[in-house]
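Just so it is clear: chains get the letters A, B, ... in the order the sequence lines come, proteins before strands, and each one is counted from 1.
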There are 2 protein chains.
Amino acid sequence: MAITIYDVARDANVSMATVSRVVNGNQNVKPSTRRKVLESIERLGYRPNAVARGLASKKTTTIGVIIPDISTSFYGEVSRGIADIATMYEYNIILSNSDERSERELELLVDHLGKQVDGVIFMSDSVSEEVRQEMSKAPVPIVLAGTIDIEEQFPTVNIDYEQAAYESVVKLIENGHKKIAFITGPLSRDINRVQKKAGYERALKEAGIEINEEYVFEVEDTYDDSYESWKEIQKIEQQPTAFLASNSTLAVGILNGIRDAGYSVPEDYEIICYEHSNLTRIVRPQLTSVVVPLYDIGAVAMRLLTKLMDKEEVESQQINLPYHFAERDSLK
Amino acid sequence: MAITIYDVARDANVSMATVSRVVNGNQNVKPSTRRKVLESIERLGYRPNAVARGLASKKTTTIGVIIPDISTSFYGEVSRGIADIATMYEYNIILSNSDERSERELELLVDHLGKQVDGVIFMSDSVSEEVRQEMSKAPVPIVLAGTIDIEEQFPTVNIDYEQAAYESVVKLIENGHKKIAFITGPLSRDINRVQKKAGYERALKEAGIEINEEYVFEVEDTYDDSYESWKEIQKIEQQPTAFLASNSTLAVGILNGIRDAGYSVPEDYEIICYEHSNLTRIVRPQLTSVVVPLYDIGAVAMRLLTKLMDKEEVESQQINLPYHFAERDSLK
DNA sequence: GTGAAAGCGCTAACAT
DNA sequence: ATGTTAGCGCTTTCAC
């Protein structure tokens, strides 16, 4: 059996309460008794039991993180931002993958809440109705990171994807393009449909360019799917001459499709994309992109959550972080 | 205040013990009472408190995962393997990043153990003496994943990196190379020094090729460092003609260095590497590589941990998974 | 098949 | 400054 607070109390000739006080850094302890207790703790090798502490105090210093897939560079980077700030505020993280299955997200939410987490950071490409309901009933704060909440009901940290798409397409238009394609993951996801596609369309509309649904390529969010999609794109009679890709993986798929077919970027086609990894710098030509501050999205979301858990006032619950363009070689 | 087991008991006119039994699927409950209890649970919206359960039962159904950096593709993939098997066995994961700082690893170990995890999966590039001691004292099983334990003290899941390096270099030798370089992350890490470099040297020795320390390039484990290292390599009077890279990121750094300088792969230089991401398929030419089954390493480690936690017999504590070569275009 | 009761190890009033 | 005590919500003997 492990050493408990009771063993320490007896060894140091004080009460459990006093031991608890020194362990928790309470100032109401005489320096000499503190020393005595610390010595007993050291000698016996006492380690507080966080589970017992959690039950008694109703705080676990643990938060839940529900994420689509930790093995992607996008979510890996966001998670690191979350984790670093969590460490700073001495929270542990329970991390679970949802694969964006709403049903699984629901299970995980219930599961994490059952573990009495003090807060939750939720990531997904859409917030389903059932998930929204469960989150509404949650007894602890929840922050969305890199996740669109069309109802703006929950605290959220993002960039303005719509504006970024708009500005990207404006660049392409300024370079003389009129046949601009948008290659994206599933449009069932709010982030793709309500934000990125909307910005793409706004730029076209503003330039008086007719929106052509044939130029919207909806694929699975994988390199291979994007690579294959090039074959479809080539079949179109009115070939697009420029691409906005909704992430670096898709952009690289198209890029390789183009180059393996013997064409050149940016001479024959220009490409711009959202950047979610260093892939954009690794390929040739390097890709001009919207740099999404993934780490910061995670870090700021976690910081916001700490404030919410501490019941501090927060000015804004819907945070949009700045982004910038990395001008590289896939635009002329 | 949330609904407790006591509320359910009263509502269903049974004792707490009975509620506990139906919640835990104990068969010693009459179907009719079970139904009654289930109905109360449903109506009141009762959710078991896992913290209280953990305190009473001394099992938290949570494991600790200590990982260098979740934002790398290597560890992201391993983690996913761990997480999927953990889900299967209904364990949650507390995930923490150590950045491979031994001091931090120690803190995390103590921290996770304090949270009463039922087991730990530990990843690092070496096992320091202090960490080894703390792990030895741990009251729960610990499994190392993708991590070399030179003392073979702890259960471990890996591939035979030494043999893989050996076979890789043999391929290069068979292609006529005698000046073969090894580009690697810090040699302070056991995995690089004791395994990969050793295999590299064994192949050379066996072929009667003199080992030249000038051909061992030790860099930080980043794309940029590897890319820059090419400039150093070029200064050598006796240029190497082939490379073994200890991971895909370093391989791509060298590859781009070579190509940006106007040389060709595989015509001027050949490259082979350990594959830790799909980068090898994305770059041109695609890289011939040793495919490391990262997901499986995580999955098997977690499966092994479940057996250990259940005190099942396990035949072997040191598991080496199979690997294979992906023959692509960076070798002639 | 079901209930009573004693903890699990700690925190947090409340006394003193 | 320190001690006493009542829980926190559950599991787990042990009776019946």
Side-chain angles (χ1 to χ4, degrees), chain A residues 1-38 40-41 44-62 90 110-111 113-118 139-140, chain B residues 1-38 40-41 44-62 90 110-111 113-118 139-140:
Chain A
M1 204 72 271
I3 309 298
T4 75
I5 200 171
Y6 178 73
D7 299 316
V8 176
R10 205 177 23 168
D11 185 83
N13 254 304
V14 297
S15 71
M16 290 164 56
T18 298
V19 178
S20 177
R21 286 188 187 99
V22 347
V23 168
N24 292 295
N26 186 317
Q27 285 310 304
N28 292 336
V29 182
K30 192 161 37 155
S32 68
T33 42
R34 173 186 307 282
R35 209 164 19 251
K36 200 171 53 174
V37 170
L38 252 17
S40 292
I41 287 178
L44 301 178
Y46 167 71
R47 303 276 177 214
N49 178 326
V51 173
R53 187 191 299 219
L55 182 59
S57 69
K58 302 190 162 306
K59 302 178 99 284
T60 54
T61 61
T62 301
E90 309 204 89
V110 171
D111 180 24
L113 259 14
K115 294 251 167 164
Q116 312 303 116
V117 294
D118 297 333
V140 297
Chain B
M1 205 70 276
I3 309 297
T4 73
I5 200 172
Y6 178 73
D7 301 316
V8 176
R10 205 178 22 172
D11 185 85
N13 255 306
V14 296
S15 71
M16 289 165 56
T18 298
V19 178
S20 176
R21 287 189 187 97
V22 348
V23 167
N24 293 295
N26 186 316
Q27 286 310 305
N28 292 335
V29 181
K30 196 166 25 161
S32 67
T33 43
R34 174 186 306 282
R35 209 165 17 254
K36 199 170 54 173
V37 170
L38 252 15
S40 292
I41 288 178
L44 301 178
Y46 167 71
R47 304 274 176 216
N49 178 326
V51 173
R53 189 192 299 226
L55 183 58
S57 69
K58 302 191 161 307
K59 302 179 98 288
T60 53
T61 60
T62 300
E90 308 204 271
V110 171
D111 180 24
L113 259 15
K115 294 251 167 164
Q116 312 302 117
V117 295
D118 297 334
V140 298

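The CZ-C1' distance, from Arg35(A) to dA1(D), rounds to 15 Å in whole Å. Put simply, CG on Asn26(A) is 15 Å from C1' on dC10(C), counting in whole angstrom units. We find that CG of Asp7(A) is positioned 9 Å from P of dG9(C), with the value rounded to whole Å. Going from atom NZ of Lys115(B) over to atom P of dC10(C) covers 14 Å, rounded to whole Å. With rounding to whole Å, Tyr6(A) atom OH is found 13 Å from dT4(D) atom C1'. The separation between Arg34(B) atom CZ and dG1(C) atom C1' is 11 Å, rounded to whole Å.
In terms of heavy-atom proximity, Thr60(B) sits nearest to Val117(B) at OG1-CA, 3.7 Å. Contact between Met16(B) and Ala9(B) at its shortest, heavy atoms only, is N-CB, 3.7 Å. When all heavy atoms of Thr18(B) and Val29(B) are compared, the pair lying nearest together is CG2-CG1, 4.5 Å.
If you check every strand for non-hydrogen atoms under 4.0 Å, Val23(A) touches nothing.
At least one side-chain nitrogen or oxygen of Tyr46(B) sits closer than 4.0 Å to the OP1 or OP2 atom of dC10(D). Regarding contacts with the backbone of dA12(C), every side-chain N or O of Ser20(A) stays at 4.0 angstrom or more from both OP1 and OP2. One finds no side-chain N or O of Asn28(A) lying less than 4.0 angstrom from the OP1 or OP2 phosphate oxygen of dT2(D). Between dC10(D) and Asn49(B), no contact under 4.0 Å exists linking OP1 or OP2 to a side-chain N or O.
Here Arg34(B) contributes atom CZ and Asn26(B) contributes atom CG; the two are 8.0 Å apart, rounded to the nearest 0.5 Å. Between Leu38(B) atom CG and Thr33(B) atom OG1 the span is 10.0 Å, to the nearest 0.5 Å. For the atom pair Glu90(A) CD and Thr61(A) OG1, the distance stands at 8.0 Å (nearest 0.5 Å).
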Would you tabulate the pairs of protein nitrogen or oxygen atoms and nucleotide nitrogen or oxygen atoms of nucleotides 4-6 of chain C closer than 3.5 angstrom?
none

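No side-chain donor from either of Lys115(A) and Thr62(A) sits under 3.5 Å from a side-chain acceptor of the other.
End-to-end axis angle of the helix from dG1(C)-dC16(D) to dT16(C)-dA1(D), from C1' rotation axes over five pairs per end: 30° (rounded to 10 degrees).
Within the 4.5 Å cutoff, the side chain of Val22(A) has heavy atoms near those of the Ile41(A) side chain. With a 4.5 Å cut-off on side-chain heavy atoms, Leu113(A) and Pro139(A) count as touching.
For Arg35(B), there are no salt bridge (charged side-chain N to carboxylate O under 4.0 Å, His left out) partners, not counting sequence neighbours. Taking Asp7(B) as the reference, Arg10(B) meet the salt bridge (charged side-chain N to carboxylate O under 4.0 Å, His left out) condition, with sequence neighbours excluded.
In the region residues 51-61 of chain A, proximity to DNA chain C at under 4.0 angstrom, judged on heavy atoms, holds for Ala52(A), Arg53(A), Ala56(A), Ser57(A).
Side-chain proximity of Lys30(B) to dA1(D), dC10(D), dT2(C): nearest is dT2(C).
For residues 44-59 of chain A, the pairs satisfying side chain to side chain donor-acceptor pair (under 3.5 Å) are Asn24(A)-Arg53(A), with sequence neighbours left out.
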